[in-house]
2 protein chains.
Amino acid sequence: MANPLDTVFAALADPTRRAILAMLLEDDMAVTDVAEPFEMSLAAISKHLTILTRAGLIAQEKRGRVKWCKLQPDAMKDASVWMQGFGQFEPVNLDAFERFLKSELGSEPHSPES
Amino acid sequence: MANPLDTVFAALADPTRRAILAMLLEDDMAVTDVAEPFEMSLAAISKHLTILTRAGLIAQEKRGRVKWCKLQPDAMKDASVWMQGFGQFEPVNLDAFERFLKSELGSEPHSPES
DNA sequence: AGCATATTCAACCAAATGGTTGACGATGCG
DNA sequence: CGCATCGTCAACCATTTGGTTGAATATGCT
């Protein structure tokens, strides 16, 4: 999976990881805090974060004993351009996006803010 | 993997499948013709097409003994909106997209037009 | 020093993925 | 009818994925 599009799309294919990205849209977070809303082990979340990091979608910076996770949305750019090439999808509709996030967060198996 | 975003992103995570979609951008194609440029069995391509179909990214219609594959770009819409919510990526740049397609097609392990 | 907190590592497991091959059903053609 | 072509199915295989648990490392606090 050398191709960056492979890793980005694969990273986005998991609902837990998409939920994490959505959480990071609000603010940078420590690993423990990212994990808190999910019903799975910290180790599992740590693995998800590694995948997101390798895809370039987040950056992790260790300050003291806590590792901060920061969204890196530019990593989605190429993937976004790739997809847009197929459809000329209407320009970003932020309302749609927010409804989207809400519905996704609300219905995931391991969702935060249930 | 009930969530449509899961299946769409997962489908797009494979370079062979992205290459197939790019080919279908040109024109509808029969399964055998889709498979021709790839260095893998017809059965393997058939599986990829099933995955693309289940993701809604293509539709397959059987006419006579040949099954035609048709791109269904609307299936990317939600995923595209989801991603755009993160970055406000610049409006579609078709030139970028074409360069992109070319470079991807040209460097894949099992690429068409080698 | 000694303990608590933050995070990862290692080993393990079940299930999914991406590929193969060979047989098979369905359709078209001479 | 008999044969070739189109495409899928079934069984198999190796690898990856997403999770677990328990131990280990690193930092901070008193």
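Keep in mind that the numbers below use all heavy atoms, side chains included, and drop hydrogens, waters and symmetry copies. This structure is a prediction, so every number in the text was calculated from the model and none was measured. Each chain gets a letter, A, B and so on, in the order its sequence line appears, and its residues count up from 1.
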Relative to the 5' end of DNA chain D, which residue comes earlier, A:Ser41 or A:Val66, by the nucleotide with the nearest heavy atom? A:Ser41

Rounded to the nearest 0.5 Å, what's the gap from CG on B:Asp28 to CD on B:Glu61? Could you check? 9.0 Å

The side chain of A:His48 lies closest to which of these nucleotides: D:dG19, D:dT20, C:dT8? D:dG19

Separation of B:Ile45 atom CD1 from C:dT21 atom C1', in whole Å? 16 Å

What pair of heavy atoms forms the shortest contact from A:Ala55 to A:Val8, and how long is it? O-CG2, 3.7 Å

Ranking D:dG19, C:dT8, C:dG19 by distance to the side chain of A:Ala44, first place goes to D:dG19

Polar side-chain atom of B:Arg17 near backbone of B:Leu12 as donor-acceptor pair, under 3.5 Å: no

Rounded distance in Å - CD (A:Glu61) to C1' (C:dA6): 16 Å

Quickly work out the B:Phe9 CZ to D:dT17 C1' distance and round it to whole Å. 18 Å

Presence of donor-acceptor pair under 3.5 Å, side chain of B:Lys47 and base of C:dG19: yes

A:Leu49 has an atom CG; how far is it from atom P of D:dG19, in whole Å? 12 Å

How many Å lie between CZ on B:Phe38 and C1' on C:dG18, as a whole number? 14 Å

Non-hydrogen atoms of B:Leu21 and A:Phe86 that approach each other most closely: O-CE2, 3.5 Å

Taking any heavy-atom pair under 4.0 Å as a contact, classify A:Leu42: base, sugar-phosphate, or nothing. base

Closest-nucleotide 5' rank along DNA chain C - winner of B:Ile51 and A:Ala30: A:Ala30

From the list C:dA6, D:dT20, D:dT8, which nucleotide is the closest neighbour of the side chain of A:Arg65? C:dA6

Quick one: closest heavy-atom pair of B:Leu24 and B:Cys69, and the distance? CD2-O, 3.5 Å

Rounded to whole Å, the NZ-C1' distance (B:Lys67 to D:dT5) equals 15 Å

Of the nucleotides C:dT27, C:dT20, D:dT20, which has the atom closest to the B:Lys62 side chain? C:dT27

Answer yes or no: does a side-chain N or O of A:Ser46 lie under 4.0 Å from OP1 or OP2 of C:dT7? no

So, does A:Arg17 get its side chain near the phosphate of D:dG18, meaning an N or O under 4.0 Å from OP1 or OP2? yes

